[in-house]
Structure formats: C-alpha cells, structure tokens
Amino acid sequence: MSPQPAPVPLLIACALGIEQFALRAGERGRAGGPVTVLRTGMGPRAAERSVTRVLADPVLAGAAVLATGFCAGLAPGMHPGDLVVAEETRDPAGTVPCVGTDLLVKELVRTVPGRTVHTGPLTGSDHVVRGQERSDLLTTGAIAVDMESAATLLSAVRTGERPVAAVRVVVDAPEHELVRIGTLRGGISAFRVLRTVLPAFYEWHRSLLLPRR
C-alpha cells in the first residue's frame, strides 16, 4: 500500500491587523492541509520580507500562497464590499499569473451571495493611490490596486514553484474614496465581506490536491 502524500500547506497573507482579525473571526470549515494566516505588515517591502522569511521554514515547503485583504477599486461602478479575484498580479518588479481564478470566482459567488466579483489584473503600489493616479492605473488594464499582493506572490514564486492567488475586498472605489478604514460605511462593509471568504479559500486549496487528468 503506497503512503499517502503529505497535506499541502496553505499560507494566507494579509497586511493589516484588522484584516487578520476579520479572517480569524470568520474561520470555519476545513482546508486541505495546515493553514497559516500571516500578517506581513503594510507595504511591498514588508510583504516581501515576511513571506520570504516564513516560506524558508521547511514546514511550509511547497505551500500554496493566497494574498488577501482590502484594496482600492479602479474601475467606475465598483463599490465597497465588491470582491476582486486577480488573474495576475503586477508591479515594477514583475508579473505573476494566478492559479484557479475561475474556481475562486465560483466559490466566492456561492459563499458570499449578492456580492459582485470582478476579475482582472491586480496592480501593486508602494503608497495609497487616489484621484488622478487611480485613473492612470486604470488605463494600464488593472482593475484594482493594493500595496502587498504583487510583492507577496512574487516573493512566493521566487522561493519555489507553488500555486498562488490573490483575492481582495474593495474598501474604496472612484466614487467612494475612503479616508480611514473602519470609520466609514465602506470600511465596515469590506470588513464584513472579508470575514466570510475563508470557505472559498479552503475550496481553492482542496482543489489543488486533486489529481490532474
């Protein structure tokens, strides 16, 4: 009888304490292996340092990596609480294609009914983007921006071949610019949505363990 393969770990990376709190408050269900929720700190450099350090642990060798948290929507018509599933992440350091985008969309629609799910490129920035800069990023084809996803996924694939993805919750958008997370309705709405997404992440993770035909 052949031995069963070891479960594939899942690393879920977010930047802020409030994001980590939302994810832990919403924990339910089971993933396809051990799950680590990592708070990286804000900004691409912090994300790069934290993810590289954690993935050096042999326990997380081959771990799937999913970047999540809040983002700024770039396209007109986006609203706080909408979801963004990245087809790829990009920043000046490189572009990383995401795995299982269609499955994530399907599971998010099922898990968070009534919420709009957008797919497309997710771009990175080293600062909060507002006004004209937001419009300029939209012309590149990106649909949303945050400060950590691109650095997280690029660091992850640099440490070894592994499945990666990024799912973000829109906290502000062109018609709904947010000054401070958690003080306005948009921040509260985004927090509530982030608290519900883990089951979709677990289904994505389980799908990675299925044999390919």
Side-chain angles (χ1 to χ4, degrees), residues 11-20 22-23 37-55 63-76 78 80 82-101 104-105 108 117-174 176-178 181 186-187 190 193-194 197 201 204:
L11 176 65
I12 301 174
C14 61
L16 304 175
I18 190 172
E19 295 167 339
Q20 186 181 48
L23 291 165
V37 177
L38 171 68
R39 178 185 172 186
T40 64
M42 185 179 290
R45 290 185 179 179
E48 180 183 2
R49 285 194 301 267
S50 294
V51 171
T52 301
R53 172 180 54 80
V54 168
L55 290 179
V65 175
L66 194 151
T68 194
F70 303 132
C71 71
L74 299 175
M78 297 180 89
D82 285 1
L83 287 146
V84 172
V85 179
E87 294 175 341
E88 65 181 28
T89 59
R90 53 168 76 156
D91 70 6
T95 298
V96 178
C98 295
V99 173
T101 297
L104 276 168
V105 171
L108 288 166
V117 181
H118 307 269
T119 60
L122 176 61
T123 194
S125 174
D126 61 1
H127 59 278
V128 175
V129 174
R130 299 197 183 282
Q132 184 58 46
E133 189 175 7
R134 193 192 297 254
S135 299
D136 293 342
L137 287 174
L138 179 62
T139 66
T140 70
I143 63 168
V145 58
D146 74 87
M147 291 194 286
E148 297 84 24
S149 291
T152 292
L153 298 200
L154 188 58
S155 299
V157 298
R158 280 176 171 170
T159 62
E161 186 177 349
R162 66 184 75 250
V164 294
V167 176
R168 290 275 171 169
V169 183
V170 174
V171 75
D172 72 339
H176 306 272
E177 284 205 347
L178 184 66
I181 291 174
V193 172
L194 187 60
V197 296
F201 296 175
W204 174 79

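One is the number of the first residue; the rest follow in order along the sequence. Since the model is a prediction, treat every value here as computed from it, not as a measurement.
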Please round to the nearest 0.5 Å and tell me the distance separating atom [atom1] of [X] and atom [atom2] of [Y].
X	Y	atom1	atom2	result
Gln20	Leu194	CD	CG	11.0 Å
Thr119	Leu104	OG1	CG	11.0 Å
Cys98	Glu87	SG	CD	8.5 Å
Arg134	Asp172	CZ	CG	4.5 Å
Ile12	Thr152	CD1	OG1	12.5 Å
Arg168	Asp82	CZ	CG	15.5 Å

What is the minimum heavy-atom distance between [X] and [Y], and which atoms define it?
X	Y	value
Ala93	Leu154	CB-CD2, 3.5 Å
Leu122	Ala86	CB-CB, 3.8 Å
Leu153	Ala165	CD2-O, 3.5 Å
Ala47	Ala151	CB-CB, 4.2 Å
Val99	Trp204	O-NE1, 2.9 Å

Would you please name every residue forming a salt bridge (Lys or Arg N to Asp or Glu O under 4.0 Å) with Glu48, sequence neighbours left out?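 None.
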
Got [X] and [Y] here, is their nearest side-chain heavy-atom distance under 4.5 Å?
X	Y	value
Val170	Cys71	yes
Leu138	Pro76	yes
Val164	Thr89	no
Arg90	Thr140	yes

Is [X] reaching over with its side chain to a backbone N or O of [Y], donor-acceptor style, under 3.5 angstrom?
X	Y	answer
Glu148	Gly43	yes
Arg162	Ala156	yes
Arg39	Leu16	no
Arg49	Thr40	no
Thr68	Val167	yes

Not counting sequence neighbours, which residues clear side-chain contact (heavy atoms from CB on, under 4.5 Å) with Ile143? List them please.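 Testing Ile143 for side-chain contact (heavy atoms from CB on, under 4.5 Å), a comparison that skips the adjacent residues, returns Val84, His118.
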
By side-chain contact (heavy atoms from CB on, under 4.5 Å), which residues pair with Val117, not counting sequence neighbours?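 Val117 satisfies side-chain contact (heavy atoms from CB on, under 4.5 Å) with Leu83, Val85, Val105, Leu108, Val109 only.
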
